[in-house]
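In what follows, every chain begins at residue 1, and chains take the letters A, B, ... in the order their sequences are listed. Bear in mind the structure is a predicted one, so any value in this text is a computation, not a measurement.
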Number of protein chains: 2
Amino acid sequence: MDNATRSERSRNAVIQAALAIIARDGPARLTLDAIARESGISKGGLMHQFRSKEAVLKAVLEQQIEHFEAISRDYEAKFAGNHPAPHLAAQIATSREAAVGSHVAALAAYGALADQPDLLSASRKLDVDKVQAIKAEADDPDLALLRWTAARGLAITAVLGLCPFSDAERARLFDRLLDNHAWTRPATAAKPVAAGKAPKSR
Amino acid sequence: MDNATRSERSRNAVIQAALAIIARDGPARLTLDAIARESGISKGGLMHQFRSKEAVLKAVLEQQIEHFEAISRDYEAKFAGNHPAPHLAAQIATSREAAVGSHVAALAAYGALADQPDLLSASRKLDVDKVQAIKAEADDPDLALLRWTAARGLAITAVLGLCPFSDAERARLFDRLLDNHAWTRPATAAKPVAAGKAPKSR
DNA sequence: TCAAAAAAACCGACCAGGCGGTTTGCATTT
DNA sequence: AAATGCAAACCGCCTGGTCGGTTTTTTTGA
């Protein structure tokens, strides 16, 4: 087998093994030996592909981020044009996916955050862009941001097992968040409540 | 010194030490030896007061939960009577406090969640009650829940360092969440979007 | 074209340090 | 004198990471 694809295969097996362990046993049991065992690769091989455990974590996180970025892109494409606020809708829909899927993503983040908080800076950076897009397209930017935040909160709490809502209730709330004409800007509120920043021109 | 108060003092010192370590070094560095060192109590003494590390974690979490419960009660008292939705307002205000304070609370939760997810069930149980109260007092229950969720999300992401907003922006969003007359129910939406559950009588 | 050599992928035993927890012994309360 | 609170040395396990050696692929150069 080709050398490059060999490495690729191994690295991939490692990432999948790590995700499986996190999903099955929790982030606390994600050890290098466990990863080696689960992936069928020896520890030496594992350490050849990833210099350290942190490197493995990083790869896992990047994979998960890319996974949800892809979903996000799909929704963006789907909503573009025929939706009054496509970016917002796409992000809410993506959060909904994160909330229902196997909760691996944030549990991985969890494990990472405990040791290396900066591994998540990448994710936050992506969020900044999305926030920009949501603000730009919004009639009432703060309202849009809050809808996004609510969706985010719903997803994170669900993944972390902190969500006090039933599945049905959560689904209903996501629907409401997505239902654009349930969120018309109240006539009285342009409302930049005292907060230094000058209200953006638009 | 009295025996009971001596124990009390020690237990308290341990909890404070644990919080200090989490805030300063992160949850990963919260070891029994570190707690003993930081609190000035020997490891033997520590293990005499707490049977295991899990017991320490539990005590720390309970302390933090009580801390925010107290804040919550204060706001409840403040808003009761003179506010159209006192419970909701109180919870949003409490979340705001959590977002600005030192981020110890959720980092503690973090450390706990990695090993013992059930330690947080207490917190979730309290949330269920709050959700009930918010629903009961609301004109548009789902809207109220979403405002609560948004506040929650804002707080959690801030604490975890995942919030893409600036401090000023976050403050503005909290203000908006609290501003009750910016959240009138849209005329068109009673809106129980298809979701099995019959709309509660309330 | 094809060995030979270099490099890359891989293996699995090994190790040092850190960790949660125990034990033994002593001082102070009850 | 019994019990409680505390001290400090100690223990075994687990974990991340290393190391010498083997196999497989790639490069070299005659």
- prompt: Does the side-chain hydrogen bond (donor to acceptor under 3.5 Å, both in side chains) test come out yes or no for Ser7(B) and Gln49(B), once each step is laid out?
  reply: CA-CA 7 Å; Ser7(B) 282; Gln49(B) 294 295 341; 3.1 Å; yes
note: Met1(A), atom CE; dT26(D), atom P; distance rounded to Å ~ 11 Å
#### Entry: Short N-O contact, Glu66(B) and Arg73(B), less than 4.0 angstrom
yes
When rounded to whole Å, the CG to C1' distance for the pair Leu30(A) and dT15(D) reads 12 Å
Problem - Short side-chain N/O contact to dC10(C) OP1/OP2 from Ser42(A), under 4.0 Å - result: no
Item to complete: Flag the pair Asp175(B) and Arg172(B) as a salt bridge only when some basic side-chain nitrogen lies within less than 4.0 angstrom of an acidic carboxylate oxygen.
Response: no
Whole-Å distance, Asn3(B) CG to dA2(D) C1', equals 13 Å
Here the distance between atom C1' of dC19(D) and atom CG of Leu32(A), to the nearest Å, is 16 Å
| request: Look at Arg176(A) together with Asp140(B) and state whether they make a salt bridge at an N to O cut-off of under 4.0 Å. | output: yes
Of Thr31(A) and Gly45(B), the one whose closest nucleotide on DNA chain D sits nearer the 5' end is Gly45(B)
- Is the shortest side-chain N/O distance from Ser10(B) to OP1 or OP2 of dC6(D) below 4.0 Å? yes
From CE of Met47(B) across to P of dG20(C) the rounded distance in Å is 9 Å
Checklist entry - Should the ring pair Tyr75(B) and Phe79(B) be called parallel, tilted or perpendicular, given that the plane angle runs from 0 to 90° and is split at 30 and 60? => result parallel
Counting only side-chain N and O atoms of His48(B), is one of them less than 4.0 Å from OP1 or OP2 of dG5(D)?
yes
Exercise for the section: Using a cut-off of strictly less than 4.0 Å, decide whether Ser7(A) has a side-chain nitrogen or oxygen near OP1 or OP2 of dA8(C). Expected result: no
Here the distance between atom P of dT22(C) and atom NZ of Lys43(B), to the nearest Å, is 10 Å
Arg6(B) CZ to dT4(D) C1', in whole Å, measures 9 Å
Rounded to whole Å, the CG-C1' distance (Leu46(B) to dC19(C)) equals 13 Å
Result for 5'-nearest mapping on DNA chain C, choosing between Asp2(B) and Gln49(A), is Gln49(A)
_Heavy atoms only, 4.0 Å cut-off, all strands: where does Ile41(B) land among base, sugar-phosphate and nothing?_
sugar-phosphate
